[in-house]
2 protein chains.
Amino acid sequence: MMELTRKGEYAIRGIVYLAAQPVDRVCLLSEIAAAVDVPPTFLAKIFQQFSKIGLVRSYRGTGGGFLLGRVPEKITLLEVVEAVEGPIIPNRCVVGTGECARDVSCTVHPVWKRVQEQVRDVLEGVTLKDLAGG
Amino acid sequence: MMELTRKGEYAIRGIVYLAAQPVDRVCLLSEIAAAVDVPPTFLAKIFQQFSKIGLVRSYRGTGGGFLLGRVPEKITLLEVVEAVEGPIIPNRCVVGTGECARDVSCTVHPVWKRVQEQVRDVLEGVTLKDLAGG
DNA sequence: CCTAACAAGACATTTTTTATCCTTTTAGGG
DNA sequence: CCCTAAAAGGATAAAAAATGTCTTGTTAGG
């Protein structure tokens, strides 16, 4: 359980590759896809999601391509992962019959809350700079 | 992401219900399923998995049913979750083209390793006694 | 031997993941 | 103005996983 999907994996590979490029070097999607071995059409979808929230900037037409939206040291792994996988939510409720909604009687809830915090903390502590290896 | 499946949710509900019963009270699957609002046939599969690894003991025939395999304070949430969801593995590898296999060049690997440890630590620190509320 | 109860395996359905394709939009260059 | 390059967006398809059911087998008690 707790497994990153392939999409998340691809997302990280792709954006780490971008982060490893010289500043202001525009990369074609096709180049990135080939370099990190991801189906180009799939990576396109992923980068569209990145683009919408500003993790990357994109340019169309001749000479177009992708750039990192911010410097690598200001992009955390948490942002990247949540961009494509959605928020980290291990704690859909678990005890008794109903919705829980943080019911006082729900003893498991705080546990999942802690799991969530721990995971977020780890991922937030890692930046693309760390991953791209300056 | 990182979401417990419904199976895991059901598993926890079911075994926590068992843990909340008086010692040596045998519970019918049908009783448990009704109490925690889980499809009986599905819960049956889950308890079969528990049974195989000794988390619960089962008795067949008239007067049969389920009992906790050990005292609640000796069963951790980690065991319960891993019994039905498999091991906690967030770190299928992620960088570059290939298998990684803990390649030295794989910078993300240690991050997922840390995530795994954190999650395991949290879940291991909670027992069925804690959840069943003495 | 009849009934109660769990065990095990096969099967069906639904949802999610993992793609691919086609059309549209934007931009640059001749 | 037209042609080509490149990303954006939407629809669709295939594969895998999750979710649930059914049938048959096994074990035990009365």
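Reckoned from all heavy atoms, side chains included, excluding hydrogens, waters and symmetry mates. So that the names make sense, note that chain A is the first sequence line, chain B the second, and so on, each numbered from 1.
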Can you list, pair by pair, the side-chain donor-acceptor contacts under 3.5 Å of residues 50-65 of chain A, counting residues two or more places apart and other chains?
unit_1: A:R57; atom_1: NH1; unit_2: A:Y59; atom_2: OH; d: 3.4

Side chains of residues 42-49 of chain B: which donor-acceptor pairs under 3.5 Å do they make with residues two or more places apart or in other chains?
unit_1: B:Q49; atom_1: OE1; unit_2: B:K7; atom_2: NZ; d: 3.0
unit_1: B:Q49; atom_1: NE2; unit_2: B:A83; atom_2: O; d: 3.3

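Of the side-chain N and O atoms in A:S51, none sit less than 4.0 angstrom from OP1 or OP2 of D:dA7. Look at B:Y10 and you won't find any side-chain N or O under 4.0 angstrom from OP1 or OP2 of D:dT19.
Comparing D:dG9, D:dG20, D:dA6 by their closest approach to the side chain of B:R6 singles out D:dG20. The side chain of A:K52 lies closest to D:dG9 when the candidates are D:dG9, C:dT18, C:dA8.
For the pair A:R13 and A:E9, the salt-bridge criterion is met [side-chain N within less than 4.0 Å of a carboxylate O].
Rounded to whole Å, the distance from CZ on A:F66 to P on D:dA6 is 12 Å. Atoms CG (A:L4) and C1' (C:dT18) sit 14 Å apart, rounded to a whole Å. Rounded to a whole Å, the CZ atom of A:F42 is 15 Å from the C1' atom of D:dT12. Rounded to whole Å, atom P of C:dA8 lies 9 Å from atom NZ of B:K45. Going from atom CD1 of A:I46 over to atom C1' of C:dT17 covers 12 Å, rounded to whole Å. When rounded to the nearest whole Å, the span between CD of B:E9 and C1' of D:dT19 equals 13 Å. Distance CG (A:L18) to P (D:dA7): 11 Å, rounded to an integer number of Å. Taking atom CD of residue B:Q48 and atom C1' of nucleotide D:dT21, one finds them 13 Å apart after rounding to whole Å.
Nucleic acid contact for A:T5: sugar-phosphate only, since backbone atoms but no base atoms lie under 4.0 Å from a heavy atom of the residue. When heavy atoms are screened at a 4.0 angstrom cut-off, A:S58 is found touching the sugar-phosphate backbone but no base atom. Nucleic acid contact for B:F47: none, since no nucleic acid atom lies under 4.0 Å from a heavy atom of the residue. Heavy atoms of A:K7 sit under 4.0 angstrom from primed sugar atoms or phosphate atoms, though from no base atom.
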Review item, nucleotides 26-30 of chain C N/O atoms under 3.5 Å of protein N/O:
unit_1: C:dT26; atom_1: O4'; unit_2: A:R60; atom_2: NH1; d: 2.8

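Take B:R70 and apply the salt bridge (charged side-chain N to carboxylate O under 4.0 Å, His left out) test, not counting sequence neighbours, and it matches B:E79. Under the rule for a salt bridge (charged side-chain N to carboxylate O under 4.0 Å, His left out), the partners of B:R120 that lie at least two apart in sequence or sit in another chain are B:E82.
Other residues sharing the hydrophobic cluster of B:L28, ordered by chain and number and joined by side-chain separations under 4.5 Å: none, the residue standing alone.
The nearest pair of heavy atoms linking A:P40 to A:A33 is CA-CB, 3.7 Å.
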